[in-house]
Amino acid sequence: MEYKDYYKIISSKRDASQEDIKRSYRKLARKYHPDISSENNAEGKFKDLAEAYEVLKDPKKRAAYDRLDPNLKSGQEFHTPPNWDSASEFNSDQFSDINSADFSDFFSGLFGQRGRREGSNQSGQFNVRGQDSHAKAWIDLEDAFYGANRRINLQTQNLDNHGKVQTKNRSLNIKIPKGIKDGQQIRLAGQGQQGVGHGGNGDLYLQIHFNAHSFYRAEERDLHIQLPVAPWEVVLGAIVKLTTPSGVVDLKIPAGSNSGNKLRLKGRGIPGDPAGDIYVTLSVSVPPATSEKAKALFKEMAAELVFNPRASMEG
């Protein structure tokens with residue numbers, strides 16, 4: 001996707017106050033509004049302007065955006081940094097008067113569905129209940145097998161009296177339920193934004209993701225692993241020890257297997273109803289010939305075995 005310099009789009013500096021951001025937006029919105037503007041590509045410029053204002057008017061989205069590399073240029077190829085928003089909270093009901101579904105892939109890549117409007121615009125209405133918040137947290141794969149209690153740190157952004165963004169840190173103890181999947185949400189009641197008057201606080205929706213694992217890749221409740229095996233283990237068959245997140249199991253490799261063959265361990269994946277499976281892809285590793293005896297064994301195989309690994313490629 002292409003990076004968007006929201007400050008450039010809205011003609012403001014990075015240290016501009018919220019009031020300056022608002023003032024600049026209103027000025028440019030009048031200039032590029034499609035109903036009255038005679039500028040070239042007014043509709044496209046107005047849409048970019050509205051997207052920039054959607055981010056910069058919200059202290060939380062703005063603070064998250066400001067953590068991106070300030071040296072990036074508009075139009076430059078951009079990939080969302082991994083875990084960049086893992087400790088940030090965003091309000092889910094602060095939206096502009098335009099349909100944010102028209103926003104760019106860059107916006108969606110940063111804020112996802114949190115930044116899209118759901119239902120009608122709530123601007124101008126008095127909200128007694130606090131706003132819901134969204135954040136991400138990363139856990140180990142093993143936590144999904146056994147459940148866990150984890151302490152996470154979050155950042156909350158607020159405006160001071162001068163319109164500047166202030167960041168406050170807070171910690172929460174959360175319970176990771178057994179069987180949780182990558183991308184699944186946990187609702188923490190009352191941990192969102194503070195309510196007004198006698199209203200209750202909003203909720204915090206915490207999206208759970210797995211840390212990268214040394215061996216396994218999760219897909220829904222299934223796990224996938226590439227398992228190195230010796231040539232004689234696939235030719236002759238073998239029983240090998242395989243360490244899974246729930247313990248060590250004996251894996252039977254059928255004789256005559258080959259590199260790329262898949263084996264299935266039913267019910268050994270992430271717990272659930274039903275539990276997931278583990279899919280093992282065999283990957284043959286050839287031992288190095290570091291001695292004269294080892295080289296002699298390879299020469300003997302070359303002479304004894306009639307084998308052309310490229311036979312299927314020849315005409």
Side-chain angles (χ1 to χ4, degrees), residues 1-81 84-85 87-118 120-125 131 133-135 155-168 193:
M1 69 183 81
E2 292 185 356
Y3 173 78
K4 285 183 175 288
D5 187 338
Y6 288 141
Y7 288 102
K8 183 177 180 180
I9 291 172
I10 212 166
S11 296
S12 292
K13 297 180 179 180
R14 295 184 71 88
D15 60 353
S17 68
Q18 294 300 116
E19 187 60 34
D20 289 338
I21 294 288
K22 183 177 181 180
R23 188 180 300 111
S24 182
Y25 166 72
R26 287 180 172 177
K27 178 180 178 181
L28 293 174
R30 287 192 295 269
K31 180 178 180 180
Y32 293 118
H33 197 288
D35 292 343
I36 59 175
S37 178
S38 59
E39 298 282 339
N40 291 330
N41 193 25
E43 183 175 355
K45 291 179 180 178
F46 183 77
K47 186 180 297 184
D48 287 343
L49 179 65
E51 179 178 323
Y53 186 58
E54 184 70 44
V55 173
L56 300 184
K57 75 169 186 176
D58 184 331
K60 296 176 177 61
K61 290 192 184 78
R62 181 181 178 182
Y65 175 77
D66 284 349
R67 289 201 300 273
L68 298 177
D69 186 352
N71 297 316
L72 291 169
K73 305 296 182 183
S74 286
Q76 183 176 338
E77 181 67 20
F78 175 82
H79 299 283
T80 306
W84 79 279
D85 60 348
S88 296
E89 298 180 64
F90 303 99
N91 296 343
S92 61
D93 56 356
Q94 293 182 345
F95 300 99
S96 65
D97 294 333
I98 73 162
N99 185 357
S100 62
D102 294 333
F103 287 167
S104 68
D105 291 340
F106 174 72
F107 177 92
S108 297
L110 293 181
F111 304 107
Q113 294 303 315
R114 291 187 303 249
R116 296 189 180 279
R117 179 172 54 186
E118 298 178 5
S120 60
N121 185 281
Q122 300 297 314
S123 177
Q125 292 188 15
Q131 297 166 347
S133 296
H134 297 254
Q155 294 178 345
T156 301
Q157 291 80 29
N158 296 292
L159 291 179
D160 61 19
N161 294 333
H162 303 287
K164 299 296 184 179
V165 176
Q166 288 185 327
T167 300
K168 293 184 178 181
Q193 299 297 307

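Along the sequence shown, residues carry numbers from 1.
Among residues two or more places apart in sequence or in another chain, the side chain to side chain contact (heavy atoms under 4.5 Å, CB included) test is passed with D69 by N71, L72. In terms of the side chain to side chain donor-acceptor pair (under 3.5 Å) criterion, D105 has no residue partners (sequence neighbours excluded).
Remark: R26 CZ is loosely packed, at most 12 non-hydrogen atoms of other residues, nucleotides or ligands lying under 6.0 Å away. Under a cut-off of 6.0 angstrom, the local environment of CD in E43 is sparse, with at most 12 non-hydrogen atoms contributed by other residues, nucleotides or ligands.
For the pair S11 and S24, the tightest heavy-atom approach, listed with the atom from each and the gap, is O-OG, 3.6 Å.
Contact check for L28 versus Y53: no side-chain heavy atoms found under the 4.5 Å cut-off. Considering only heavy atoms from C-beta on, K31 stays 4.5 Å or farther from F46 through its side chain. Contact check for L56 versus S12: no side-chain heavy atoms found under the 4.5 Å cut-off.
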Q.
The test is side-chain contact (heavy atoms from CB on, under 4.5 Å); show your working for F107 and E54 and say whether it passes.
A. CA-CA 10 Å; F107 177 92; E54 184 70 44; 4.0 Å; yes
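Taken from NE2 in H33 to CG in L49, the straight-line distance is 11.0 Å, to the nearest 0.5 Å. Atom CD of E19 and atom CD1 of I21 lie 10.5 Å apart (nearest 0.5 Å).
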Do any side-chain atoms of residues 2-10 form donor-acceptor pairs under 3.5 angstrom with protein atoms, and if so which ones, sequence neighbours left out?
residue: Y3; atom: OH; partner: Y65; partner atom: OH; Å: 3.0
residue: K4; atom: NZ; partner: D48; partner atom: OD1; Å: 3.4
residue: D5; atom: OD1; partner: Y7; partner atom: N; Å: 3.2
residue: D5; atom: OD1; partner: K8; partner atom: N; Å: 3.1
residue: Y6; atom: OH; partner: E51; partner atom: OE2; Å: 2.6
residue: Y7; atom: OH; partner: R62; partner atom: NE; Å: 2.9
residue: Y7; atom: OH; partner: D66; partner atom: OD1; Å: 2.7
residue: Y7; atom: OH; partner: D66; partner atom: OD2; Å: 3.2

